[in-house]
Amino acid sequence: MMMNASVKKGILGLALVIPSFLILFFVVIVPIVYAIRESLIDENGSGFGLANYIRLFTEPTMRKNIIYTLNVTIVSTLLSLVISYSLAVYLRFGHGWVVKWINRLYFIPMFVPGVIATYGLITMYGNHGWLSRLLLLIGIDTFPKIIYDYNGLVLANLWFNIPFATMLLSSALAAVPNSVIESARDAGANIGQLFFRFVLPLSYKTMWVAITFIFMGVIGSFTAPFLIGANSPQVLGVAMQQVFSNYQETHTASAMAVLMFLLCSVMGYFYIRTMGKEG
Amino acid sequence: MNTTVESQLSIRNLSKVFKTGDGVRNISLDIAKGEMVTLLGPSGCGKTTVLRSIGGFLEPDHGDILIRGNSVLNLPPEKRPTAMVFQSYNLWPHMTVYENLAFGLKIRKYKKPDIEREVTAALELVQLSSAASKNPTQLSGGQQQRVALARALLLKPDVLLLDEPFSALDAKLRMEMREELRDIQTLTEMTMVFVTHDQEEALSISDRIVVMHGGQIEQLSTPQEIYDAPQSSFVASFIGRINVLKGVSDGQHITVGELRVPNPNVALPIGDCIVAVRPEDIYLSTQAGGLEGQIRQVMVLGHYAEISVNYKEETLKVFVPREQAATLHPGQSISLMFHKMNVFPAISVSEVAPRQEAHA
């Protein structure tokens, strides 16, 4: 049978798409479907249902963990964003040797592996760490609990996320021309108006990229919370691992994974919506 | 220069020198209300430095800038009673044309109906009423610059600063915008300081021109005076086209080759001098008595013709009416005489501006 040109082209097109589709299918779609299926099976294996999800939201420990995770994630994301934005603005519009040095140093944490950085934070901020010992030298013998606590976890998240977010935002701010700032000042804009009416709208998309990446990174983090988080409540990543390995409740662990996936999807939705916007 | 109370803008002994050595030194300038003054000069002459200092984007090393009698030196750009039209339009890409125009009024706390009225009027003034809801990127270069102009005019500045606003536009559009700007200036009676390196632009729109060179003012006069009576060989060669010849002065007379003419410059020292003659001020004659030259080329340029005449090692340019051009042909011997000329001390021979630049 003769094939006409457009059919041939169509087949070629499909052939080119199939490899990437297969990878996507087996690496992303199948595991998701499998996880969803697992999460719907009762823990005793008796049948399908929402029992695992009901348990996530009714069992006090589980509920606490979810709220705790959201709390840590949102606070860490917002703090990272505010600090990196300030830093990026300062690097973009400031002058002098301080700017020069910050520019050279700020991304160093990105090159320190997470485990090492976490132990570094423990030795620095721990109850008998460097900081408390230094404070003792000048007569301060009360030291707040940072490590193995909420604060330490947020601090670790800041350490991991600020450099990357600053780098992203710096490149966005570099694309804001001086001339725009000058003409805005010429029109009478003060510092606040400059930021909220010009700098922010012109780097808005990158801000969402930063928010999305920080959010996803923090909500799914494991190493830092495992090493310096409190025993209870725990973030979802650590709790999931315990439910999965220690209690061997794989179906509940799957439900937790699906929940985390849904939380990330919300972020993903905003991200895609922002990226799709014109201008 | 004496500062009068009426001065809308007064620049006093302004100096700003950059690390590169460029900049301006000891500039003083007074501009009256409603005046259009152009800062003209080649790149690096310091004209933009002066403008940006007025706008508050540069901090001078010395000197003072007064607007309506008050020093603005300590005011940041957003507090100065100035508005600037930038070379690169500088419209804000995340706002519509309307929002671009309304922004300045909004932060000046105008009421909404007032903003609407003012913006509409400003858009009408620059003939862009239909573009209000458009994005700046949807407009052509000329339209964008019109919006930028409207945006600056709306702020009703005491002094409007224009930094080579038309240099990114093509020649025809540039000419149209020039006329439009002059109309707007006449209509609004706004004080304007205009920076350009285009001498034609400067001659056509200015009440007065400040010719700058090497960070200093070479001459400050009306366009006509600048053209007719340049005070230095730099000004003579930068503004319009000019032929430069060597001459000798004995105080009373100037001798150029075979020509001996009365000295028009009483301040000229005795000895070698530079004689500058505009192409339209040379008279070509078949009768002897002038400089004896030979026609090299006849180029008819519409209503006039440009004649190149070899005189010794020089090639002189002469403009003649096209009727006369018809009687001239290459190779012909011809005698040149001057209607008018400018003479300068020979010492400034090295300061003669590269002519091509002025015509770029």
Side-chain angles (χ1 to χ4, degrees), chain A residues 81 85 88-100 168-212 270-279, chain B residues 48 51-52 54-59 72 75-96 99-110 134-138 144-145 147-157 159-165 168:
Chain A
L81 190 74
Y85 231 128
V89 166
Y90 179 61
L91 293 177
R92 167 69 178 80
F93 299 108
H95 302 283
W97 63 272
V98 180
V99 169
K100 221 185 247 174
L168 269 182
L169 290 166
S170 287
S171 71
L173 294 186
V176 176
N178 275 337
S179 55
V180 164
I181 302 301
E182 280 189 352
S183 52
R185 290 190 72 187
D186 194 56
N190 60 33
I191 299 291
Q193 287 158 338
L194 268 185
F195 181 75
F196 288 106
R197 303 295 305 275
F198 294 91
V199 174
L200 191 61
L202 288 170
S203 53
Y204 175 77
K205 280 192 173 183
T206 310
M207 182 189 79
W208 269 105
V209 177
I211 290 176
T212 311
F270 283 117
Y271 175 78
I272 290 166
R273 209 183 62 166
T274 314
M275 292 307 122
K277 265 187 201 157
E278 185 62 33
Chain B
T48 299
L51 199 76
R52 290 176 63 81
I54 302 170
F57 299 109
L58 281 178
E59 202 181 322
V72 294
L75 299 178
E78 60 268 29
K79 294 253 159 55
R80 293 200 185 190
T82 55
M84 186 124 139
V85 179
F86 296 83
Q87 187 172 6
S88 49
Y89 322 141
N90 284 3
L91 296 182
W92 304 314
H94 58 297
M95 300 184 188
T96 64
E99 288 165 342
N100 261 277
L101 296 188
F103 179 75
L105 302 179
K106 255 185 214 159
I107 56 179
R108 281 168 179 73
K109 306 231 155 48
Y110 276 52
K134 283 191 180 158
N135 203 286
T137 48
Q138 291 172 286
Q144 287 189 41
Q145 196 54 298
V147 175
L149 184 61
R151 189 175 70 184
L153 287 169
L154 263 179
L155 303 177
K156 301 204 171 63
V159 182
L160 180 69
L161 309 168
L162 301 112
D163 186 10
E164 308 215 19

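Convention: sequence-line order gives letters A, B, ...; per-chain numbering from 1.
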- prompt: Out of Ser183(A), Ser179(A), Ala184(A), Ala189(A), which one racks up the most heavy-atom pairs below 4.5 Å with chain B?
  reply: Ser183(A)

message: Once you measure the plane-to-plane angle for Trp208(A) and Phe270(A), does it fall in the parallel (<30°), tilted (30-60°) or perpendicular (>60°) bin?
response: parallel

message: So for Tyr204(A), is it side chain, backbone, both, or neither that comes closer than 4.5 Å to the heavy atoms of chain B?
response: neither

query: Can you tell me how far CG of Leu173(A) sits from CG of Leu168(A), rounded to the nearest 0.5 angstrom?
result: 11.0 Å

task: Measure distances from Gln193(A) to the heavy atoms of chain B and classify the residue's part below 4.5 Å as side chain, backbone, both or neither.
output: side chain

statement: Greatest number of non-hydrogen atom pairs under 4.5 angstrom with chain A, of Arg108(B), Lys79(B), Gln87(B), falls to Arg108(B)

- request: Could you tell me which portion of Pro157(B) (side chain, backbone, both or neither) has an atom closer than 4.5 angstrom to a non-hydrogen atom of chain A?
  value: neither

field: Test item: Met84(B) and Arg52(B) side chains (from C-beta on) under 4.5 Å apart, heavy atoms
entry: yes

query: Heavy-atom distance under 4.5 Å between the side chains of Arg80(B) and Val159(B), does that happen here?
result: no

Pairs of heavy atoms under 4.5 Å with chain A: top-ranked of Pro93(B), Ser88(B), Pro77(B): Pro77(B)

query: Under 4.5 Å between any side-chain heavy atoms of Lys106(B) and Leu101(B), yes or no?
result: no

- prompt: Has Arg197(A) got its NZ or CZ under 6.0 Å from the middle of the six-membered ring of Trp92(B), at an angle within 45 degrees of the ring axis?
  reply: no

query: Which answer fits Thr82(B), side chain, backbone, both or neither, if we ask what part of it has an atom under 4.5 Å from a heavy atom of chain A?
result: both

